[in-house]
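Have a look at the structure below, then the notes.
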Amino acid sequence: MPTKIDYDAKIPNNVDLSGDRRLQRALEGWQPKFLDWWGEMGPTLRTQGVYLRTAVSVGRDGWAHFDHVNVPDYRWGIFLAERDPDRVITFGEHQGEPAWQQVPGEYRADLQRLIVIQGDTEPASVEQQKLLGLTAPSLYDLRNLFQVNVEEGRHLWAMVYLLHAYFGREGREEAEALLLRNSGSPDAPRILGAFNEETADWLAFYMFTYFTDRDGKYQLGTLKESGFDPLSRTCEFMLKEEAHHMFVGTTGVDRVVTRSAELIREHDTFDIAGHGGIPLDLIQRYLNFHYTVSLDLFGGEMSTNAANYYTAGLKGRWQEARRKDDHRLTDDAGSLSRPRADGTWETEEHPAILLLNLDLRDEYRADCQTGVNRWNKILDEAGIDFRFVLPHPGFNREVGINSGHHVTPDGTVVDEPTWLAGKRKWLPTPEDLTFVRSLMHPVYERGKIASWVAPPRQGINGKPFDYEYVYLS
């Protein structure tokens, strides 16, 4: 497989699409439907050019090119990482066997389901962020929004290619359905709950790209381990692009916290709403919401489906090769904390193979803590006595063993009246959302930025902050 991408083809690719005319025709038939979806559900703001990175190679070095692109003319394509001809399956009952180049018949339905669920998240985030360009705090941020959006569109192409290439008529039907569901639709919503939530302001966007795209990183990481080699190689390249999405979230929240800290010091008060800043306790409530909604994406803590996927070699653990066990988990055990009806917690022991979702969630939680540490360091260096915290994993949950229980951010199990009385302190209120949205005024002038967020420390690809990242209509 070539590392360079063929941009002369109607659909840019490095999978020798022209060598399979039937597949090529099928994907070229899907392409105009994708473009119609993008025109209807993609970014509302029209531009003349956005400073975007475009993949030109899948190799380790020099894989992206930067230039202004008219977004409707962006060349979405199909890119897989280089194939390792000696790759073997590293876990489950097929451990040590050569990686599969075709779908094993007995795992066809499960693999198709995994690909559809992953594919459904990609257009969903574009739909959720459709209106954000109208209130961008700077041209730099506007450029980042478009970069995230076009790459989510490409990730949809990545999953659609697999469905068309390996799953026949059912795969083609599923690819069609990916464009028929819409985020938040009452009739045809996206499959996972977090992707039906509204992303109506830029603080929510930063939180989404930090927490929810980070979930995407871990889900892609488990699929990268798959014994189905085309899926593994697809996800390996997607992870390269996903890193920028999380960077947008990490540094976005950095900049909001930095600006809030500046206003607190300038006015000697935590009550900075009247000075055009976002109070720290409100940022914490946004954090609580986006973190816990993202935790639900990991599914139930105990899962026979996850165990079956692992045993079959379809979906591994995060960084499977680093694990110091037999990679089969037939004799291993793990612990699970469960809330009791009397308000106490009990610890249960279960086979580790049933706790794979919990294992992945724990890896994610530790990663999320690094961002919280960053934001607290900003406050510490500013001499401000406030600290952000990740809430208890039982807090505000709709999926898993904690759903149906009322758990406070510090992990206390409470009754419904206590929960309702404290909810306004822990989660964004309608008043919070209205206030944050009142700050969302677009700033489209080069080198300028909205008053509620600090400028970035550096620009994109060595360009300064005041570079003209976006040519507006």
Side-chain angles (χ1 to χ4, degrees), residues 11-13 27 30-31 33-43 52-55 71 74-81 111-130 132 144-165 167 171-172 174-185 188-197 199 205 208-209 211-224 226 230-246 248-249 293-294 297 315:
I11 300 173
N13 72 94
L27 287 168
W30 188 83
Q31 187 178 40
K33 299 171 187 176
F34 167 83
L35 294 174
D36 287 345
W37 166 83
W38 178 270
E40 180 183 357
M41 303 303 297
L52 296 175
R53 72 175 183 184
T54 301
V71 175
Y74 189 84
R75 303 293 311 284
W76 287 278
I78 301 161
F79 317 140
L80 274 65
L111 270 171
Q112 180 175 293
R113 180 64 177 168
L114 287 170
I115 292 168
V116 167
I117 291 173
Q118 181 62 45
D120 194 70
T121 68
E122 312 297 351
S125 59
V126 177
E127 294 164 351
Q128 289 172 297
Q129 297 155 17
K130 176 179 175 66
L132 285 178
N144 283 342
L145 171 67
F146 276 102
Q147 186 69 62
V148 169
N149 285 175
V150 297
E151 289 181 347
E152 299 292 14
R154 203 210 66 74
H155 294 174
L156 170 60
W157 268 98
M159 295 297 114
V160 165
Y161 164 73
L162 294 176
L163 290 171
H164 273 264
F167 294 92
R172 293 191 295 273
E174 290 287 5
E176 297 280 333
L178 289 172
L179 298 177
L180 299 178
R181 290 185 290 271
N182 293 133
S183 177
S185 167
R190 291 298 174 182
I191 295 170
L192 301 178
F195 292 92
N196 290 299
E197 298 288 347
T199 306
F205 175 64
F208 182 96
T209 47
F211 288 111
T212 307
D213 279 324
R214 194 166 303 274
D215 162 79
K217 163 188 169 181
Y218 281 86
Q219 301 299 340
L220 290 173
T222 62
L223 294 174
K224 185 176 78 71
S226 178
L231 175 60
S232 171
R233 289 159 48 212
T234 297
C235 292
E236 183 176 350
F237 188 74
M238 288 170 69
L239 281 164
K240 287 187 175 184
E241 295 174 321
E242 197 76 22
H244 175 262
H245 308 182
M246 291 180 290
V248 170
V293 168
S294 299
L297 294 172
K315 184 177 180 181

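Quantities reported herein were computed from a predicted structural model and do not represent experimental measurements. Quick note: residue numbers are just sequence positions, from 1.
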Starting from the C-alpha separation in whole Å, work towards a yes-or-no answer on side chain to side chain contact (heavy atoms under 4.5 Å, CB included) for Met159 and Thr234.
CA-CA 8 Å; Met159 295 297 114; Thr234 297; 3.7 Å; yes
I'd like to know if the side chain of Asp120 and the backbone of Ile191 have a donor-acceptor N/O pair within less than 3.5 Å.
yes
Heavy-atom pair with the smallest gap, counting every atom of Leu163 and Glu174
CD1-CB, 4.1 Å
Report yes if some heavy atom in the side chain of Phe208 is under 4.5 Å from a heavy atom in the side chain of Asp213; otherwise report no.
yes
Could you walk me through whether Leu27 and Asn13 satisfy the side chain to side chain contact (heavy atoms under 4.5 Å, CB included) test, starting with their C-alpha distance in whole Å, then the side-chain angles of each, then the deciding distance to 0.1 Å, before giving a yes or no?
CA-CA 12 Å; Leu27 287 168; Asn13 72 94; over 6 Å; no
Distance check, rounded to the nearest 0.5 Å: Arg214 atom CZ versus Thr209 atom OG1?
9.0 Å
So, do Leu145 and Gln129 sit near enough that their side-chain heavy atoms are less than 4.5 Å apart?
yes
Whether the side chain of Gln147 engages the backbone of Arg53 through a donor-acceptor N/O pair (distance < 3.5 Å, no angle test) should be reported.
yes
For Asp215 and Ser294, which heavy atoms make the closest approach, and how far apart are they?
OD1-O, 4.3 Å
Any side-chain to backbone donor/acceptor pair from Glu122 onto Arg154? Under 3.5 Å, distance only.
no
Trp37-Trp30 aromatic ring centre distance below 6.0 Å
no
CD1/Ile11 to CD/Gln31 distance, rounded to the nearest 0.5 angstrom?
4.5 Å
Taking side chain as C-beta onward, heavy atoms only, is Trp38 less than 4.5 Å from Trp76?
yes
So Glu152 and His245, do their side chains get closer than 4.5 Å, heavy atoms only?
yes
Check Asn196 against Gly184 and note the closest heavy-atom contact, atom names and distance.
OD1-N, 2.8 Å
Compare all side-chain heavy atoms of Thr212 with those of Thr121 and state whether any distance is below 4.5 angstrom.
no
pair Asn182-Arg190: side-chain heavy atoms closer than 4.5 Å
yes
So, for Gly153 and Val126, which heavy atoms are closest and what is the spacing to 0.1 Å?
N-CG2, 4.4 Å
Between Thr222 (side chain only) and Lys315 (backbone N and O only), is there a donor and an acceptor less than 3.5 Å apart?
no
How many angstroms lie between CG in Leu297 and CD in Gln219, if you round to the nearest 0.5 Å?
7.5 Å
CZ (Arg181) with more than 12 external heavy atoms under 6.0 Å:
yes
Please check if any side-chain donor atom of Glu151 sits under 3.5 Å from a side-chain acceptor atom of His244, or the reverse.
no
Is there a donor-acceptor contact under 3.5 Å from the side chain of Lys130 to the main chain of Glu40?
yes
SG-CG distance between Cys235 and Leu162, expressed to the nearest 0.5 angstrom
7.5 Å
Locate the shortest heavy-atom distance separating Phe195 from Ala124; write the atom from each residue and the value.
CB-CB, 3.6 Å
List the steps, then state whether side chain to side chain contact (heavy atoms under 4.5 Å, CB included) holds for Ile117 with Leu192.
CA-CA 8 Å; Ile117 291 173; Leu192 301 178; 4.0 Å; yes
Do you know the tightest heavy-atom contact between Ala194 and Val293?
CB-CG1, 3.3 Å
Under a 3.5 Å cutoff, is there a donor and acceptor pairing between the side chains of Glu241 and His155?
yes
CZ (Phe34) and CH2 (Trp157) are apart, to the nearest 0.5 Å, by 7.0 Å
Intermediate values then yes/no, side chain to side chain contact (heavy atoms under 4.5 Å, CB included), Leu156 and Leu179:
CA-CA 10 Å; Leu156 170 60; Leu179 298 177; 4.0 Å; yes
Could you tell me if the side chain of Phe167 sits less than 4.5 Å from the side chain of Leu111, heavy atoms only?
yes
Any luck finding a side-chain donor-acceptor pair between Ser232 and Ser226 under 3.5 Å?
no
Taken to the nearest 0.5 Å, the spacing of Leu132 CG from Phe146 CZ works out to 10.5 Å
